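In what follows, chains are A, B, ... by sequence order, proteins preceding strands, each numbered from 1. Just so it is clear, the structure is predicted and the values come from calculations on it, not from any experiment.
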Amino acid sequence: MSATLRAWRPALGAWDRPAAAHLLRRAGFGASPEELEQALGAGLDATLERLFEDRTPPELDGSIQALLAAESLELLQAWWMARIVAGGAPLRERMTLVWHDLFATSHEKVQDVRLMHGQNELLRRAGLGDFRLLLHGIARDPAMLVWLDGRSNRKGHPNENFAREVLELFALGPGHYDERDVQEAARAFSGWGTEGRSFVHAPEHHDDGPKTILGHQGRFDGVAALDLILAHPACARHVARVLLEAFVAPMPTEEELEGLAGTLLASDWDVGRTLRVLLRSELFFAPRARRARIAAPVECLAAASRALGARVPPRTLARRASAMGQALFRPPSVKGWEGGRAWIHAGHWIARHNALVELARQAAPSRNGFEVLRDVLPEEPPALRAAVERLAREPSSDPAAIAFVLTAPEFHLY
Amino acid sequence: MNRALPLTAFAVLCVLRPGLPGPPPAPLVPERAIATLMPVGCRVYLEGPGLEPLLRGGLAHPFLAAARATPLAKALEEAGGSLEQALERADAWLGAPALPLAARMTQRGVALGFDPEHEAGLLVAVASDAAAAEEGLTAIFAALERQHGVPGALRSAHERWEDAEVWFLGEEAVVARRGELSIVGKRREDVRAVLALAADPGARGMLACPDLQAQYEARAPDAALWAWLAMEELEAFGDEGLRALRRVGLAPAGQGLLGAELGALCGARALALSLALEAEGPELSVRAVGAPHVASLAPGARAAEQPAEVAGEDLGSALLYRDYARFLADRATLFPAEAQAAFAETITTGALFFAGRDLGSEVLPHVSPWIRLVARAVEFAPERRPEITLPAVAAIAVLDDPAEGEAWTSALQTLIAILGVEQAQKGQAGLGLYLSSVDGIELTSARFPAPRPGEGVDLRYNLEPAMTVVGRHLIVGTHVALVRELARELEGKPPLDGSAQEQLRLAPRALAGLLADNRAALVAHKMLAEGLAHADALEEIAGLERVLESLDGVRIEVRRPTPDVHELWLAPILAVAPR
């Protein structure tokens with residue numbers, strides 16, 4: 001095991017509010033004040049275990065089943081937002097969003113809420129398990145087949161969209177395949193399509209001829225092609241990069257990539273076991289990992305809502321996230337969301353600012369600026385604390401002080 | 001009762017010394033209208049001309065007895081205690097039977113005014129005589145003293161204004177009594193204004209407003225409640241929703257959508273409301289005063305037949321007057337120049353569907369402006385039953401000539417074909433077009449391909465649009481099953497002659513059934529859209545179901561009792577709970 005992934009043994013007092021908040025933020029979507037206190041009392045190991053649990057209320061799960069027939073994307077977005085903010089399954093929802101960004105599929109083209117929901121459930125169900133099963137599942141997912149034109153990939157008329165993206169974006173990354181691999185993989189996937197809302201393999205449309213993929217020769221079908229891609233050494237590194245960028249920091253080092261790819265392979269591609277190592281590691285808790293990236297809109301809204309205990313309707317939160325640049329189930333392209341500084345360009349920042357000021361107004365009757373500062377920025381930067389103290393002297397200061405904390409640049413570093 | 005009455009306020013009041021008692025005031029003229037005692041600045045005025053029977057009858061009043069038998073009332077009483085218990089509590093608090101006391105205190109009238117500019121309410125009551133008013137106030141003051149633990153604080157008046165005794169209940173209220181007259185207000189100047197009106201036998205008060213006076217004199221004498229809303233002035237204090245509603249009512253486009261009569265009610269300068277409490281249920285009448293309306297769009301402006309009655313199990317039905325032929329013909333005078341391009345586009349698009357015929361001059365004039373709308377639950381084929389079921393809705397109009405039906409059928413077929421092309425471009429299955437003959441009636445319909453087993457049946461499967469012509473009746477509906485039913489019911493029936501009123505009938509119990517069928521979806525929607533907890537959402541929907549189950553029917557009519565008066569009449573019929 002790489003030294004960077006060595007288990008973190010917090011010195012006395014090192015498992016403090018900032019450390020606990022960092023874990024609950026990155027591995028979930030922030031915490032309520034009570035959850036943060038509970039984590040401090042329970043310790044690192046127990047908190048980590050709690051993150052893997054799924055305590056989502058069954059009636060919340062059932063809510064979308066009753067509404068799928070309404071064909072409303074907005075309600076589907078609201079349902080996922082409700083799951084995220086409910087915090088019943090923090091890590092599972094976090095990974096569902098990570099995989100949604102990787103296997104980015106948009107309702108804009110799919111135009112079928114049930115298919116989008118089906119894919120979301122696949123990501124949730126398989127997201128903490130064997131990555132190989134997840135990749136095989138996503139390749140046969142009806143929403144993905146519509147999104148990347150798998151339905152029109154037929155013998156003699158290959159459509160290369162899915163093959164190209166699985167090599168470039170989903171599993172290997174540029175530099176590990178060539179154009180011929182794309183063409184040959186597309187032939188291997190031919191015949192995979194949909195009938196109604198179900199996956200179907202049509203042998204009459206499958207190109208059964210010999211192919212060469214990533215240097216291997218044979219009469220490969222889609223399953224075999226995926227196995228060849230998974231067997232490529234770049235695949236585990238690619239998945240490791242996704243996990244490191246989501247949980248640690250952008251631009252991981254070679255050593256970190258190698259280390260986590262090794263952990264993934266050693267765990268037989270088990271994402272959950274890999275994350276247990278990563279989230280328990282010195283690397284995860286290192287200073288350079290904390291507040292190391294800009295919060296995505298969903299992260300920002302969920303963390304603020306949970307910390308403030310604001311009861312905002314999930315549909316409203318989902319609409320605000322859309323205005324801030326992250327419409328769930330509608331990533332802008334197959335590459336997912338650009339992220340980083342794009343989250344705070346001028347138009348998105350105005351929407352983000354307005355959403356947080358509104359949250360502050362809703363929370364103000366029961367919270368004050370000091371409490372919110374302690375809960376959302378447990379590091380309590382001295383300059384911010386001084387500013388909140390100044391604001392507290394003003395009459396009716398609570399909404400202004402809370403808004404000030406939520407719109408401070410420090411809060412937007414996740 | 002004012003539970004928040006601060007003790008400090010009482011302490012201050014206790015040391016205040018009342019003025020010396022003066023001579024008793026001259027009694028009010030017995031037949032004087034209580035509206036003459038209300039200052040004219042009130043934009044909202046509410047009077048209880050027929051409250052006395054309710055107060056005297058108490059729980060035995062026919063309306064209350066019927067209302068208490070409904071499922072809603074039973075559920076509320078089960079949850080919050082019976083009305084008998086509530087009355088017992090009120091009697092115990094007051095130390096006297098509350099309802100008879102209230103009846104005596106308000107025997108000659110009770111009115112409530114509200115001035116939104118100062119957010120100040122004003123209550124004026126005229127008792128049977130001065131002794132009854134004194135007895136009532138004494139009982140109320142004694143109850144307040146007991147409640148707040150300040151015995152004697154209100155035993156005598158804190159001040160005397162001319163011939164009136166005045167008490168101050170903290171900063172919240174001023175109470176005055178002048179003979180048989182009792183006044184409760186938030187602001188001293190309002191209470192003084194009432195006293196000044198009372199002292200002047202010729203004062204007109206709210207009746208100084210000619211619009212109000214006319215409606216006041218025409219009101220039903222037995223109405224339990226009568227109200228006046230100065231809408232034009234209230235608009236400044238209302239929210240954006242109220243302003244938008246008034247804009248819609250005042251605009252010709254709004255009247256085209258809502259109908260001239262309903263539009264007039266929305267845009268009226270003032271509204272006079274009258275509520276009667278009958279044994280079958282309440283009856284509410286809303287009269288519009290100063291209601292601008294487009295005469296050519298009003299019911300009966302064009303002599304026309306009405307669709308014949310149908311007699312199925314309706315969830316709801318309506319008879320509306322929408323003369324879109326006239327609407328288009330008058331567009332140059334009704335709408336500004338910048339709106340004309342949109343009309344030209346509409347007419348051009350219409351020509352595409354109606355084989356080149358002009359919508360305004362060649363299509364719509366041959367269709368009656370009277371339209372009957374019918375909503376019913378329909379039976380779906382098991383494999384096509386949507387998971388969320390909606391009622392089917394159909395519109396029935398009368399054609400000048402049955403041959404006109406061909407143009408409408410062709411328009412529907414063209415529309416479905418165009419929609420099908422759009423769907424195909426998205427790679428989705430569109431509506432398929434079908435022609436069928438049922439009992440000799442030719443029917444055009446469309447439907448989506450059958451859903452695959454196990455893949456869910458979406459909301460869109462509520463839509464199987466259909467159209468047919470039976471005699472001179474044109475029937476267009478959202479579901480073929482309803483259109484087929486209506487075709488059978490209308491076969492051989494001629495259209496109706498004569499004038500009519502716009503009306504709406506609802507079957508609330510059937511609507512409650514529809515709600516129950518879709519309860520899971522409605523609850524889920526409340527959770528996600530409004531952020532309610534599951535239990536709260538469930539309770540809200542159950543409450544709505546109970547409201548609907550408590551009504552046997554709802555009748556709404558839009559009337560024109562005189563050429564200048566527009567009236568909306570609403571009558572829910574109470575249902576008795578199953579034993």
Exercise. A:Ala70 versus chain B, heavy atoms under 4.5 Å apart: side chain, backbone, both or neither?
Worked result: both
For this session: Please determine, among A:Arg311, A:Arg197, A:Glu59, A:Glu74, the option with the most heavy-atom pairs under 4.5 Å with chain B.
Result: A:Arg197
For this session: Evaluate whether atom NZ of A:Lys155 has more than 12 neighbouring non-hydrogen atoms of other residues, nucleotides or ligands under 6.0 angstrom away.
Result: no
Problem set entry | Shortest non-hydrogen contact between A:Ser63 and B:Ala524, atoms and distance | O-CB, 3.2 Å
For this session: For each of B:Leu522, B:Asp458, B:Leu459, tally heavy-atom pairs with chain A at distances under 4.5 Å, and name the one with the top tally.
Result: B:Asp458
For this session: Answer with side chain, backbone, both or neither: which region of A:Ser198 has an atom nearer than 4.5 Å to a non-hydrogen atom of chain B?
Result: both
For this session: Would you give the length of the straight line joining atom NE2 of B:His525 to atom CG of A:Leu67, rounded to the nearest 0.5 angstrom?
Result: 7.0 Å
For this session: Taking all non-hydrogen atoms of both residues into account, name the closest pair between A:Ala66 and B:Ile388 and its distance.
Result: O-CD1, 3.9 Å
Exercise. Does CD in B:Glu379 sit with more than 12 non-hydrogen atoms of other residues, nucleotides or ligands closer than 6.0 Å?
Worked result: no
For this session: Evaluate whether atom CD of B:Glu240 has more than 12 neighbouring non-hydrogen atoms of other residues, nucleotides or ligands under 6.0 angstrom away.
Result: yes
Exercise. If you count heavy-atom pairs under 4.5 Å between each of B:Ala429, B:Pro386, B:Ala537, B:Ala529 and chain A, which one has the most?
Worked result: B:Ala529
Problem set entry | A:Glu71 portion near chain B, given a 4.5 angstrom heavy-atom threshold | side chain
Exercise. Which bit of A:Leu68 comes within less than 4.5 Å of chain B, counting heavy atoms only: side chain, backbone, both or neither?
Worked result: backbone
For this session: Assess whether atom CZ of B:Arg385 is packed by more than 12 heavy atoms of other residues, nucleotides or ligands within 6.0 Å.
Result: no
Exercise. In terms of heavy-atom pairs under 4.5 Å with chain A, which of B:Glu387, B:His534, B:Arg460, B:Glu455 leads?
Worked result: B:Glu455
Problem set entry | Spacing of CE belonging to B:Met527 relative to CD1 belonging to A:Ile64, to within rounding of 0.5 Å | 10.5 Å
Exercise. Is any side-chain heavy atom of B:Arg452 closer than 4.5 Å to a side-chain heavy atom of A:Glu195?
Worked result: yes
For this session: Would you name the heavy atoms of A:Leu75 and B:Leu528 that are closest together and state the gap between them?
Result: O-CD1, 3.7 Å
